[in-house]
Amino acid sequence: MSSRRSRSRQSGVSRISDDQITELVSKLQQLIPEIRNRRSDKVSASKVLQETCNYIRSLHREVDDLSDRLSELLASTDSDSAQAAIIRSLLMQ
């Protein structure tokens, strides 16, 4: 057990257990396509966390790209049209 965990238990501070960490890493593993699609079930926790960060970054890039594309589409449509209203409502979400 790490000295930090020992100290936290001695001071009465509740920490997450190793079993809880393992369970959370396993849940993340099932959510990340890059890991979920691998044949091997054995992936280190650090790799799962690294891939999770990469996946979140890629989702942010995708959201930014889609937002830019919607903005461009809105700029190219008649501002009073039904299509423009739909685009504006999507951008507000």
Q20 atom CD: more than 12 heavy-atom contacts under 6.0 Å = yes
ask   = Do H60 and I56 have side-chain heavy atoms sitting under 4.5 Å apart?
value = yes
ask   = Looking only at heavy atoms, which two atoms of I35 and E51 are closest? And how far apart?
value = CD1-CB, 3.4 Å
ask   = Do other residues, nucleotides or ligands put more than 12 heavy atoms under 6.0 Å from the CZ atom of R69?
value = no
note = Tightest non-hydrogen contact, residues D78 and A84, listed as O-CB, 3.2 Å
ask   = Do V48 and L59 share a hydrophobic cluster (ILVMFWY, side-chain heavy atoms under 4.5 Å, transitive)?
value = yes
key: Any donor-acceptor pair under 3.5 Å from S58 side chain to Y55 backbone   = yes
Heavy-atom side-chain proximity of V43 to Q29 below 4.5 angstrom = yes
task = Mark yes or no for whether S67, through its side chain, and V63, through its backbone, hold a donor-acceptor pair below 3.5 Å.
result = no
ask   = Atom CG of L24 and atom CG of D19: how far apart are they, to the nearest 0.5 Å?
value = 11.0 Å
query = Should I86 and L66 be counted in the same cluster of Ile, Leu, Val, Met, Phe, Trp and Tyr side chains packed under 4.5 Å apart?
reply = no
task = Would you give the length of the straight line joining atom CD1 of I21 to atom CD1 of I16, rounded to the nearest 0.5 angstrom?
result = 5.0 Å
message = Nearest 0.5 Å, please: how far is CG in D68 from CG in L73?
response = 12.5 Å
